[in-house]
Amino acid sequence: MSRYTSNTGPDRDAMLEAIGARSIEELFEDIPEDLRLGRPLDLPDGRSETEVYDRLSELASRNAHAEGEVSFLGAGMYDHYVPAVVDALTSRSEFLTPYTPYQPEVSQGGLQAMFEFQTAMSELTGLPVSNAALYEGPSAVASAAYLAIGATGRKKLVASRGLHPHSRETMVTYSAGFGSEVVEVGLEGGITDAAALAEAVDEETAAIFIQQPNFLGSVEEVEALAAVAKEKGAQVIVACDPVALSVLKSPGECGADVAVGEGQPLGNRLDYGGPSFGFFCATQEHIRRMPGRIAGEATDVDGRRGFALTLQTREQHIRREKATHNICTAQALNALAGIIHLSWLGKRGFVELGELLVRRTAYARERLGAVVGVEPLHDAPVVREFAVRLRASGGGRVDTATVLRLCAERGFAAGYPLGRDYPEYEDCVLVAVTERRSRRDIDGLADVLSEVLSMEEVEMRGQAQAPVPEQVAS
Amino acid sequence: MNPLGDGGSPPPTSAEEETPMQRDRARTIFERSVPGRRAGTLPAADVPETPLEDLIPAKLLRGRPAELPEVSEPEIVRHYTRISRRNFDLDRGFYPLGSCTMKHNPRVNERVAALPGHARLHPGQDPSRAQGALELMWLLQRSLAEIAGLPHVSLQPSAGSHGELAGLLLTRAYHVDRGERRTKVLTPDTAHGTNPATVTMAGYEVVKVASNDRGGVDLDDLRAKADEQTACLMLTNPNTLGLFDENIAEITSIVRDAGGTLYYDGANLNAIMGHTRPGDMGFDIVHFNLHKTFSQPHGGGGPGAGPIAVADRIEPFLPVPQVIRREPGEAAGAGGNGDGQIRYDLEYDRPRSIGRLRGFQGNFGVFVRAYAYILSLGGDGLTEASETAVLNANYLLARLREGRTGRYAPIAFDRRCMHEFVLSAAPAKQQLGVKTQDIAKRLLDYSFHPPTVYFPLLVDEAMMVEPTETEARETLDGFAEALDAILAEAEQDPEVARNAPYVTPVRRLDEVAANRKPVVRQLLDSAA
Ligand SMILES: Cc1ncc(COP(=O)(O)O)c(C=O)c1O
């Protein structure tokens, strides 16, 4: 008897008899003989639950995680505290184990949670329509491109270099299917170069893509950038950090047509990158072009209030090749975690969280900036993350990987190296702060960086590299 | 299992009036908000409390706080607990939703996914410090490759439909690399909606292929449509009728000869693990639904994961990053230190790759659960799981061929099935005046989740039943008896089913009105 099945040998015999088959093999008769595997799968035999637990926990023990080190890693996913109520409620069978709510009469809990989630995301983004979540951030950005192409009939996508590199890359990947082209606009002083944007946007442009705050942590002047796009009839897509929207002007107020983003900071653990959720909000004009599930209010035959999936004629199961998107299974449970976390923070707590982040981040930028060899990359305003350039205390160039390794050996994940995605920032790291990183942690990081940057082994060996131009973009 | 409900008698045939308490349950968290209440607290300020406007220019700041609810923690717990009870879920009862593989979700998987080494591992962690996670991903890749019979795996896609998109983008890259431009993708008329929707998103045109009278692909139609414009055939096998296509070898060779790639929609892999493999059938690309076959809970609509396995000719185009294993000795200079140990790494340098499909490395938490599941069952257990899934489906089908179900909702294609089967309630509609929809709704009163309804489109009044291997025989018997009881009721009085359900948290909803004037968010004071 395989694990997690119930039928015993006698059950099987009785069932085969009812079917009128002599053996289970007979049930596989339609598979042509020469396509049968004819040997056992080359996988280990099944193990007991304790052995499985031990093996998985042994694997887990070989990961350096945020419980075991002081982590300043961010770059789109953040080590926020996930309140205990989120775990307790999302692990309830009633939320954990149902399928997508195709039968609304017995799915009111999930549908109502979606409706509440949509309400909260609409509030945060300042846009009237929200869906019930997509997979995650970067693919949500690409989905916004698909909407913009459909809405405008144009195929040029103009993306700020401050848009998360994963979002830009995902959009390029999807563009092979969309038949679209992605044009990049560089940064100036840590924010999108407005003049370059104005030059790049034309009558062929379907949409511009701005991230708020951008990948380097800087707060963008979205309103001004949006105005440039509108002049040419392009859609304005803002990818945003939902937690930063506690204090920043909402994308809707800034003129965005669509706001998308990575939902992980709302109630979802890091999980090495997923599952989390992507959110997708838009103006009323786009309601029938939205991707994904949307829950709406409905009334039952007795006049009771209820909720149901709505506007399903957008979706693949009804509209097939004419659907607005192909998504089916999304990330409902993760979105539920999001609305529970937001309710737990509440109207005031959410703002307090944002203010705490802004102040600690300001403190951290100043404190680290005072370390010899650490220099903020720019002085644009930041919310929860900022980039710094590293030098050896003596002024020489450093090998970023070595600096990070030496910090890690001292118990600190000092930041996210920018070099892979931004060759012009080879010697820079992104430092993120959450409510879990206290002043003491920040001071600790400053001390460790100070120590490490004065070590000889961090200095770049051999020929000093030719200076990399500041802008590799567009 | 008593199909007549816990009280031993059939469920009610009329609804009771809504009580004030029931009405209260449909209040949203926003409607429970009372100014001044709160749940969460934050660490005390330990840095200077500089006014925000001194740090960020006022014109970039929000003018008023977002109208989030103001509720206490006990109220939050009660609210979500109460609304959760308005869901039917797999742990409560039988959930034979065809094509969705609603099998038991082992709780040990949840436990290991929550270990801090997994749950609090940052995706930007340096690979040298995430060796356990990368090894797990690599092992999962190897396991999936063996199950699929295809050597290369990318775990990146986030669900089945994302895997499909990956598959068509790979197909495009493969053909472009060969200097070919192909514009059409063949999909059988039994295909799931995500297949044609994906075709459009990937910039191709859908060409529909008909089914034959045995429920398989119509070979003549396929031959007529497969040509030099054919980029790919997307196929589910066993198909969405639960039938293994007997002509599979012929099908794959027709498409291959035309120069197309072969995409296997793996939604139905639960039928064949350890028995036959998409790679051996001739497919180039397959997606897995880890949230079906590999026991990841559905979460009321996700999360899932849709890894793909591919053949050699597709491999160069796989998304970045790829999880790779560096053998001892080759590690130096490549993220390892040449110390003679095996190292796992993320590989970005893949010049012909289609690129990224999403952020970071994928839905890792789902990978942990799927790998725990594979370890628990082992190769032998997976093979047996498929056997039992097929046994359970055929047993339930045998039970449903009897009595009223056999008369009013016979099997659409009269053959043995694999892990699922499709009934057609067309006779019930004609003879009794109750439709599939009515039967489905009445099942809710009997505490069963209905099958997938009105899919595949090919079958009139379709009911697609997938019991999965984790259900006990007596549960299947109970379901068969409930269907029979519902049809018996309909013989007496079709109104019973037509007006069902009666005992659910709400009854049938006016979805037409809801679509006409969609209310998709609550209007709050500030937004009013
Ligand atoms: C046959 C088939 N193909 C594809 C899919 C899409 O999978 P997902 O929901 O994971 O995107 C499904 C799931 O419903 C399916 O049943």
Side-chain angles (χ1 to χ4, degrees), chain A residues 2 6 15 19 30 41 43 45-46 56 59-60 62-67 73 89 93-94 97-98 100 105-106 108-110 119 122-123 135 138-139 166 169 173 177 269 271-275 297-298 300 305-306 316-317 320-321 323 326 329-333 344 346-347 349 363 381 416 439, chain B residues 26 38-40 46-47 56 66 68 80 83-84 86-91 112 115-117 119-124 129 132 158-159 161 193 196-198 202-203 206 244 299-304 355-356 358-360 363-365 378-379 381 384 395 472 504-507 509 514 519 521-522:
Chain A
S2 162
S6 313
M15 291 164 83
I19 296 166
D30 281 346
L41 283 172
L43 295 172
D45 280 348
L56 270 293
L59 285 166
R62 286 189 281 118
N63 299 323
H65 54 85
E67 204 133 313
L73 291 168
L89 293 168
S93 296
E94 296 91 333
T97 69
T100 302
E105 297 87 346
V106 291
Q108 286 299 299
T119 303
S122 273
E123 247 323 276
Y135 304 134
S139 55
H166 295 173
E169 288 169 33
T173 305
R269 50 203 205 195
D271 276 336
Y272 200 44
E297 245 182 37
D300 84 354
R305 180 193 200 180
Q316 46 77 27
H317 59 286
R320 299 176 74 84
E321 64 268 25
N326 70 341
T329 298
Q331 311 272 143
L333 193 69
W344 183 83
K347 181 176 174 178
Y363 175 80
Y416 184 84
R439 177 182 188 147
Chain B
R38 64 181 301 162
D46 53 0
V47 295
I56 298 175
L68 293 175
Y80 286 104
I83 70 167
S84 80
R86 291 158 69 85
N87 274 354
F88 183 90
D89 65 283
L90 177 59
D91 285 359
V112 293
L115 291 167
R120 290 193 66 195
L121 176 58
H122 192 281
R129 297 166 56 71
S158 314
S161 71
T198 303
V206 173
F244 193 94
R356 262 186 187 284
R358 53 161 291 157
F360 294 106
N363 280 345
F364 177 78
E384 251 185 80
Y395 174 74
T504 47
V506 294
R507 298 182 60 212
L509 293 155
V519 178
R521 65 158 293 180
Q522 181 143 20

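This one's a predicted model, so the numbers in the text were calculated from it and none came from an experiment. In what follows, chains are A, B, ... by sequence order, proteins preceding strands, each numbered from 1.
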Practice item. Side-chain contact test, heavy atoms from C-beta onward, threshold under 4.5 Å: evaluate it for B:Val206 versus A:Arg320 and give yes or no. Key: no

Review point. Hey, does the side chain of A:Arg439 reach the backbone of B:Asp46 with a donor-acceptor pair shorter than 3.5 angstrom?
Key: yes

Study note, to complete from the structure: For A:Asp271 and B:Phe364, the nearest pair of non-hydrogen atoms, with its separation, is O-CB, 3.1 Å

Practice item. Would you check if B:Pro303 and A:Leu333 make a side-chain contact, meaning some heavy-atom pair closer than 4.5 Å? Key: yes

Study note, to complete from the structure: chain A shares the most heavy-atom pairs under 4.5 Å, among B:Gly359, B:Ala119, B:Pro505, with B:Ala119

Exercise for review: Please name the pair of heavy atoms, one in A:Lys347 and one in B:Leu68, separated by the smallest distance, quoted to 0.1 Å.
Suggested key: CB-O, 3.4 Å

Check your understanding: Where the side chain of A:Thr173 meets the backbone of B:Arg356, is there a donor-acceptor pair that is under 3.5 Å apart?
Key -> yes

Point to revise | Pairwise distance CZ(A:Arg269) to CZ(B:Arg120) - rounded to 0.5 angstrom | key: 11.5 Å

Check your understanding: Among B:Ser84, B:Ala39, B:Gly203, which residue forms the greatest number of heavy-atom pairs with chain A at distances under 4.5 Å?
Key -> B:Ser84

Exercise for review: List for me each residue that meets side-chain hydrogen bond (donor to acceptor under 3.5 Å, both in side chains) alongside B:Asp89, sequence neighbours excluded, and say none if there are none.
Suggested key: A:Thr97

Check your understanding: Of all of A:Ser93, A:Gly273, A:Ser122, A:Pro98, which one pairs up most often with chain B through heavy atoms under 4.5 Å apart?
Key -> A:Pro98

Review point. What pair of heavy atoms forms the shortest contact from A:Gly110 to B:Asn87, and how long is it?
Key: N-OD1, 2.9 Å

Review point. Which residue out of B:Gly300, B:Ala202, B:Gly378, B:Gly355 racks up the most heavy-atom pairs below 4.5 Å with chain A?
Key: B:Gly300

Practice item. Name the region of A:Ala323, side chain, backbone, both or neither, that has any atom closer than 4.5 Å to a heavy atom of chain B. Key: side chain

Practice item. Look at the side chain of A:His166 and the backbone N and O of B:Phe360, then say whether any donor-acceptor pair between them is shorter than 3.5 Å. Key: yes

Review point. Checking heavy atoms, do the side chain of A:Leu89, its backbone, both or neither come under 4.5 Å from chain B?
Key: side chain

Review point. Chain A heavy atoms under 4.5 Å from B:Ile56: which part of the residue, side chain, backbone, both or neither?
Key: both

Review point. Of the non-hydrogen atoms in A:Ala298 and B:Ala514, which two are nearest, and what is the gap between them?
Key: CB-CB, 3.9 Å

**Study point:** Among A:Ser139, A:Pro138, A:Pro275, residue most engaged with chain B (heavy-atom pairs, under 4.5 Å)
**Key:** A:Pro275

**Study point:** Pick from B:Arg86, B:Arg129, B:His122, B:Arg38 with the largest number of heavy-atom pairs that fall under 4.5 Å of chain A
**Key:** B:His122

Exercise for review: To the nearest 0.5 Å, tell me how far B:Gln522 CD sits from A:Glu297 CD.
Suggested key: 7.0 Å

Revision key, fill the gap. Residues passing the side-chain contact (heavy atoms from CB on, under 4.5 Å) test with A:Asp300, sequence neighbours excluded, are A:Asp302, A:Arg304, B:Val506, B:Arg507, B:Leu509

Check your understanding: Checking A:Arg305 side chain against B:Ala26 main chain: does a donor-acceptor pair fall under 3.5 Å?
Key -> yes

Review point. Which value, rounded to the nearest 0.5 Å, describes the distance between A:Glu67 atom CD and B:Leu115 atom CG?
Key: 10.5 Å

Point to revise | Distance-minimising heavy-atom pair for A:Ala332 and B:Gly299 | key: CB-O, 3.5 Å

Study note, to complete from the structure: Residue from B:Val112, B:Thr504, B:Leu121 scoring the most non-hydrogen pairs under 4.5 Å with chain A is B:Leu121

Check your understanding: B:Gly124 and A:Tyr416: which non-hydrogen atoms are nearest, and at how many Å?
Key -> CA-CE1, 3.8 Å

Check your understanding: Is there a donor-acceptor pair under 3.5 Å between the side chain of A:Asn63 and the backbone N or O of B:Gly117?
Key -> yes

